[in-house]
Amino acid sequence: MADWGPVVVAVVLFVVLSPGVLFQLPGKGRVVEFANMQTSGASVFVHTIIFFGLITIFLIAIGIHITTG
């Protein structure tokens with residue numbers, strides 16, 4: 001049986017937390033900008049920290065598992 005939980009959680013978080021797609025934190029003109037399709041080094045760093053924190057919570061603390069087979 002394969003455990004697809006980590007794969008699904010990582011893909012969803014990657015899509016949601018890509019800087020500039022849904023939101024950008026910090027933005028170029030404001031603290032948070034929505035759907036501006038631009039990015040900066042600072043926003044990539046912030047989104048990386050948020051991604052790491054959320055994936056740690058979902059996979060280690062909560063323990064999401066999706067098994068097949």
Side-chain angles (χ1 to χ4, degrees):
M1 293 198 301
D3 186 12
W4 285 93
V7 175
V8 172
V9 170
V11 167
V12 169
L13 285 178
F14 180 79
V15 169
V16 170
L17 290 175
S18 294
V21 175
L22 294 179
F23 68 96
Q24 180 179 347
L25 179 73
K28 296 210 180 232
R30 297 180 234 155
V31 177
V32 178
E33 293 182 359
F34 295 96
N36 63 354
M37 299 303 286
Q38 297 177 356
T39 188
S40 66
S43 67
V44 170
F45 180 73
V46 170
H47 283 255
T48 302
I49 298 300
I50 294 170
F51 178 86
F52 178 73
L54 288 177
I55 205 160
T56 302
I57 290 170
F58 286 135
L59 297 183
I60 297 175
I62 297 174
I64 293 178
H65 298 286
I66 302 171
T67 55
T68 60

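Everything numeric here is computed off the predicted structure, so don't read it as measured data.
T39 is linked by a side chain to side chain donor-acceptor pair (under 3.5 Å) to S43, counting only residues two or more places apart in sequence or in another chain. The side-chain contact (heavy atoms from CB on, under 4.5 Å) check on A2 picks up W4, T68, with sequence neighbours excluded. In this structure T56 satisfies the side-chain contact (heavy atoms from CB on, under 4.5 Å) test together with F52, I60, sequence neighbours excluded. Judged as a side-chain contact (heavy atoms from CB on, under 4.5 Å), and not counting sequence neighbours, the contacts of F45 are I49. Shown here are the side-chain contact (heavy atoms from CB on, under 4.5 Å) partners of I64, two or more places apart in sequence or in another chain: V9, F58, I62.
L54 and V44 end up in different hydrophobic clusters when Ile, Leu, Val, Met, Phe, Trp and Tyr side chains are linked at under 4.5 Å.
Between atom CD1 of residue I55 and atom CD1 of residue I50 there is a gap of 13.5 Å, rounded to the nearest 0.5 Å.
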Quiz: residues 12-29 side-chain donor-acceptor pairs under 3.5 angstrom, not counting sequence neighbours:
| unit_1 | atom_1 | unit_2 | atom_2 | d |
| --- | --- | --- | --- | --- |
| S18 | OG | F14 | O | 2.6 |
| Q24 | OE1 | N36 | ND2 | 2.8 |
| Q24 | NE2 | P26 | O | 3.4 |

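M37 belongs to no multi-residue hydrophobic cluster, having no ILVMFWY side-chain contact under 4.5 Å with any other such residue.
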